[in-house]
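One structure is given here, and the rest of the page talks about it.
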Amino acid sequence: MNVVILAAGMGKRMQSELPKVLHPLAGKPLVGHVIDTARALAPSTLCIIYGHGGELLPETLKAEDLHFARQEPQLGTGHAVSQAAPFLNDDAPTLILYGDVPLIAQQSLQRLLDIAGSDKLSILTVNLEDPTGYGRIVRENFGSGGNIQRIVEQKDATEAERAIVEVNTGIMVAPTAPLKRWLAGLSNDNAQGEYYLTDIVARAVAEGVDVVSAQPDAVWETLGVNSKVQLAQLERIHQSNVARRLMEQGVTLSDPARIDVRGTLVCGRDVSIDINAIFEGNVELADGVSVGANCIIRNSRIGRGAVIKPFCHIDDAIVGPESQIGPYARLRPGADLAEDVHIGNFVEVKNAKIAAHSKANHLAYIGDATVGSRVNIGAGTICCNYDGVNKHRTVIEDDAFIGSDTQLVAPVRVGKGATLGAGTTLTSDAPDGQLTISRPKQVTIPGWRRPVKQKKQD
Ligand code: UD1
Ligand code: MG
């Protein structure tokens, strides 16, 4: 099939410089959700109609399978679909979607496509308690379930037509060759002076083409975003759907209303997630992982049984099984922790590999480092990785013990089983198995007295 996504409108009520369909929902542009759903249907042609915001839309969304057609000026939904005509293959039906209706589900679209077959015009409709603003579905025998005859827009409707509660969601499937003919014949002789896509319905009926309808599983699938208020409402609907899916898979959520997934979260069995966790990009939590309150985890893999305590920030990192992270830990890109590694409060790890059973429990910076197994890194240890121009690597071998408040001035190596005394500034390699210490000898000055306050003389 062909898919056309309308996204030329300006979205005035968003009160923003950014074109409406590029505003993010769950971390992805509105239109990105629609494109992904369309792709899941494996269309032969996918064409996006853009206009407002200039070339920003094609530049942002650029992909091999997308065609872009500019609609300038924007003369209505029918005029918008016309811009796609040169791209559409006549031998397959055309599905029309909206860049600002992000939550439409693949299943509902499949239903609409199934009833459309190859030659029917098929419209996705919903019944609304308050249909104000929508195009109304006018059926034979008026409202009593006869065949669809036409769609009338709110502004063109009579009092009686406005009482109809079945509305046009805008989403439809049309046979492509007739669609092109109908579009070419549209007029803008209506209340808004626009070329209405909805006028193709009466034309199809006049030609004896069957017009059928299907309904989505839920009305929220068809809701559009016109304002920041509606954007926030759809974000909540989306997040609560994601939360429900996670719980159905067995994930324990302390409060399904307080989790945000902006990307893909894959969970094993017996995962539990406390409140206010944010997951971005691709995150994997293996079996038995627990995530404490207020953690932000992005593009990371957390191994089986690992415990992420509250207030951690984990970005582009790998956490090994049974590890303990936080509270208040920061794992930055390239942090790669093996099994049973402990990273405690106010420890920052960047571009560093840490082998099994090693610990940095308090206040440390481990950057550009390779750390062996069973290493203990004392509080206040800093990898001095940056000389102001270049970054250098610190290597700490298995079983080393790094005393508190040590500076490792890279490039530098701490040998197997070496011990560094607290307060050491290590500027050259420390040999295996020995104590290295760089600290002035402690002295006590005999007879020293504190100064006493002198009386002011006037
Ligand atoms: C349209 C339908 C109406 C339906 C409603 C559902 C028509 C004439 N009416 O009305 O029956 O109930 O959607 O929300 O189709 N757009 C363009 N170019 C244009 C005009 C619009 O790309 O020239 C895009 C907009 O960006 C928007 C979508 O088409 O995403 C719908 O346009 P909008 O003006 O909101 O249509 P409605 O008047 O709401
Ligand atoms: Mg409108």
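Fair warning: this is a prediction, and the values are worked out from it, not measured in the lab. Counting convention: from 1, in listed order, for ligands and their atoms alike.
Atom numbering of ligand 1 starts at 1 in the shown order; those under 4.0 Å from a heavy atom of Thr169 are 6 (C). With ligand atoms numbered from 1 in the order given, ligand 1 contributes 27 (C), 30 (O) to contacts under 4.0 Å with heavy atoms of Asp100. Atom numbering of ligand 1 starts at 1 in the shown order; those under 4.0 Å from a heavy atom of Gly135 are 3 (C), 4 (C), 11 (O), 12 (O). The Leu6 neighbourhood of ligand 1 comprises atoms 22 (O), 24 (C), 29 (O), 30 (O), with distances under 4.0 Å to a heavy atom of that residue. Taking every heavy atom of Ala80 and a limit of under 4.0 angstrom, the matching atoms of ligand 1 come to 17 (C), 18 (N), 22 (O).
At a heavy-atom distance under 4.0 Å, atoms from both the backbone and the side chain of Ala8 approach ligand 1. With a heavy-atom cut-off of 4.0 Å, Thr77 touches ligand 1 through backbone and side chain alike. Residue Val101 does not touch ligand 1, judged by heavy-atom distances below 4.0 Å.
The environment of Lys155 atom NZ is sparse: at most 12 non-hydrogen atoms of other residues, nucleotides or ligands sit within 6.0 angstrom. Dense packing is recorded around CZ of Arg203, with more than 12 heavy atoms of other residues, nucleotides or ligands lying under 6.0 Å away. Within 6.0 Å of the CD atom in Glu207, the count of heavy atoms belonging to other residues, nucleotides or ligands exceeds 12. Surrounding CD of Glu55 are more than 12 heavy atoms belonging to other residues, nucleotides or ligands, all under 6.0 Å away. Counting heavy-atom neighbours within 6.0 Å of Asn390 CG, excluding the residue itself, gives a total above 12. The environment of Tyr328 atom OH is sparse: at most 12 non-hydrogen atoms of other residues, nucleotides or ligands sit within 6.0 angstrom. Counting non-hydrogen atoms of neighbouring residues, nucleotides and ligands closer than 6.0 angstrom, the NZ atom of Lys120 exceeds 12 such neighbours. Counting non-hydrogen atoms of neighbouring residues, nucleotides and ligands closer than 6.0 angstrom, the CZ atom of Arg269 reaches no more than 12 such neighbours.
Contact analysis leaves Ile49 out of contact with ligand 1, as no non-hydrogen atom separation drops below 4.0 angstrom. Ligand 1 is never approached by Gly99 to a heavy-atom distance shorter than 4.0 Å. For the ligand labelled ligand 1, residue Val167 lies outside the 4.0 Å heavy-atom shell.
The heavy atom nearest to atom 1 (C) of ligand 1, considering only Lys20, Glu153, His52, is found in Glu153. Which of Tyr195, Tyr196, Tyr50, Tyr134 comes nearest to atom 14 (O) of ligand 1 through a heavy atom is settled by distance: it is Tyr134.
Looking at ligand 1, you won't find any N or O of Ile151 less than 3.5 Å from one of its N or O atoms. In terms of polar-atom proximity, defined here as any N/O pair under 3.5 Å, Gly9 does make such a contact with ligand 1. Checked by distance only, ligand 1 and Tyr98 stay at 3.5 Å or farther apart across all their nitrogen or oxygen atoms. Close N/O approach between Thr198 and ligand 1 is not found [any backbone or side-chain N/O within under 3.5 Å].
Salt-bridge check for Arg304 with Asp287: failed, with every basic side-chain N at 4.0 Å or more from each acidic carboxylate O.
Remark: Ala40 engages Gln106 in a side chain to side chain contact (heavy atoms under 4.5 Å, CB included) (not counting sequence neighbours). For Thr77, the side chain to side chain contact (heavy atoms under 4.5 Å, CB included) test picks out Leu6, Leu197, with sequence neighbours left out.
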